[in-house]
Amino acid sequence: MPELPEVETMCRCIRPAVGSRIRALKQPRSRLQPIKIAPRLSDFRRRVVGRKILSVTRLGKRVVVVLDAPESDQGDRIIFEPRMSGLVLLADPPSEEHVRLIFELSGKRVRQLLFWNRRGLGVVRLVSPRLLVRQLGPHILGPDALDVTPETLSERLGASRRAIKVALLDQRALAGIGNLYASEILHRAGIHPETPCNQLRPARWRKIHAAMQEVLEEAIRHQGSTLSDGTYRIARNRPGSFQVCHRVYQRAGEPCLQCGKAEIVRVVQAQRSTFFCPACQR
DNA sequence: CATATGTCCTGAGAGC
DNA sequence: TGCTCTCAGGACATAT
């Protein structure tokens with residue numbers, strides 16, 4: 001978290017910045033460890049100041065801001081990686097001290113683009129189109145979870161011996177799914193998270209695919225999930241609302257909303273919590 | 001090659 | 001009350 005729905009929501013929220021020019025780039029001084037940026041601030045600044053924001057897109061769990069080019073060919077891209085606790089915002093960050101990078105804009109209504117990150121695991125990169133392909137091309141990042149077909153999904157994961165829950169988190173195989181949505185998707189699909197991928201037949205891959213589209217689209221409509229730690233926000237006082245729709249995530253010990261009988265169980269897979277209903281998921 | 005594990009980072013909450 | 005400890009997990013480096 002933030003996963004695909006939260007990052008998609010961030011992209012939509014910052015899209016009013018399209019058409020603005022970047023006037024300045026600031027890294028607020030802070031008691032905290034600085035986040036990783038590349039290239040170094042001075043080079044980053046030299047390359048973005050004066051550039052116009054042409055578009056905002058999502059690449060898996062990353063926000064991509066496309067800039068115009070000073071000369072003719074294609075411009076640079078700013079890649080925001082929120083990782084665990086990051087947000088890309090136009091205004092109103094949850095706290096001032098965790099604002100890591102400020103792009104001041106020329107817009108009348110949109111004054112700035114902020115990268116906020118509580119834990120500081122996030123990364124911001126400026127890359128040429130060529131470098132973007134090298135660092136985040138199809139050999140690094142699988143097809144987007146919202147674009148993939150059921151056939152491609154089973155082709156990319158079906159031979160793996162790994163548990164389906166673990167495999168769904170592999171961004172090289174499939175981009176956009178994280179720990180929270182992997183559990184929710186498998187619950188809706190009625191599939192046990194520890195099932196090895198290579199034991200799943202085509203009908204079950206279709207179920208996973210359908211559940212994945214359903215959960216992700218519904219989560220986007222709810223503007224993502226804000227968990228008990230409250231980190232994810234659309235703005236300071238605007239949490240997402242998909243958490244009220246969670247059927248298993250962080251519900252260990254509570255009754256399953258589907259069968260009403262079994263209790264939701266928490267297990268650990270690959271050092272991450274997995275939640276599931278032992279009655280509904282087999 | 002595929003798969004598994006360790007690391008980064010901060011703040012919240014538990015336990016004493 | 002204030003200290004120490006554990007935990008959360010996305011992506012990547014390193015190990016098996």
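Each chain gets a letter, A, B and so on, in the order its sequence line appears, and its residues count up from 1.
- The span of DNA chain B lying next to chain A, judged by atoms under 4.0 Å from heavy atoms, is bounded 5' to 3' by dT3(B) to dG11(B).
- Separating the CG atom of L141(A) from the C1' atom of dC12(C) is a distance of 13 Å, rounded to the nearest angstrom.
- R62(A) comes within 4.0 angstrom of sugar-phosphate atoms only, judged by non-hydrogen atoms across all strands, and of no base.
- Computed from coordinates, the R172(A) CZ to dA11(C) C1' distance equals 11 Å when rounded to whole Å.
- By the 4.5 Å heavy-atom criterion applied to side chains, R51(A) and I78(A) are not counted as neighbours.
- Distance NZ/K61(A) to CG/L141(A): 9.5 Å, rounded to 0.5 Å.
- A distance of 11.0 Å separates CD of E184(A) from CG of N179(A), quoted to the nearest 0.5 Å.
- Atom OH of Y232(A) is separated from atom CE of M10(A) by 5.5 Å, given to the nearest 0.5 angstrom.
- The nearest heavy atom of DNA chain B to E97(A) and to A270(A) marks one nucleotide each, and the one closer to the 5' end goes with A270(A).
- Taking CH2 from W116(A) and CG from L101(A), the interatomic distance works out to 15.0 Å, rounded to the nearest 0.5 Å.
- In this structure, the CG atom of L227(A) is 14 Å from the C1' atom of dG10(C), given to the nearest Å.
- Taking atom OH of Y181(A) as the reference point, atom P of dG10(C) lies 11 Å away to the nearest angstrom.
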Go through the steps to decide whether R58(A) and D144(A) satisfy the test side-chain contact (heavy atoms from CB on, under 4.5 Å), and finish with yes or no.
-> CA-CA 10 Å; R58(A) 182 179 57 75; D144(A) 193 84; 2.7 Å; yes
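- Using a 4.0 Å heavy-atom criterion, one finds that T231(A) contacts no nucleic acid atom at all.
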Any protein N or O atoms within reach of nucleotides 5-8 of chain C? Criterion: under 3.5 Å, listing atom names and distances.
| residue | atom | partner | partner atom | Å |
| --- | --- | --- | --- | --- |
| dA8(C) | OP1 | R266(A) | NH2 | 2.8 |
| dA8(C) | OP1 | S273(A) | OG | 3.4 |
| dA8(C) | N3 | R119(A) | NH1 | 3.4 |
| dA8(C) | N3 | R119(A) | NH2 | 3.0 |

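- With rounding to the nearest 0.5 Å, the separation of CD in Q171(A) from CG in L59(A) is 10.0 Å.
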Please report the C-alpha distance between Y249(A) and S273(A) in whole Å, then the side-chain angles of each, then the deciding distance to 0.1 Å, and finally whether the side-chain contact (heavy atoms from CB on, under 4.5 Å) criterion is met.
-> CA-CA 9 Å; Y249(A) 192 75; S273(A) 297; 5.6 Å; no
Might you work through the side-chain contact (heavy atoms from CB on, under 4.5 Å) test for L90(A) and L113(A), ending with a clear yes or no?
-> CA-CA 5 Å; L90(A) 292 183; L113(A) 180 65; 3.8 Å; yes
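- K61(A) comes within contact range of the sugar-phosphate backbone alone, with a heavy-atom separation under 4.0 Å but no base atom that close.
- Base engagement by R272(A) is indicated by at least one non-hydrogen atom pair under 4.0 Å involving a base atom.
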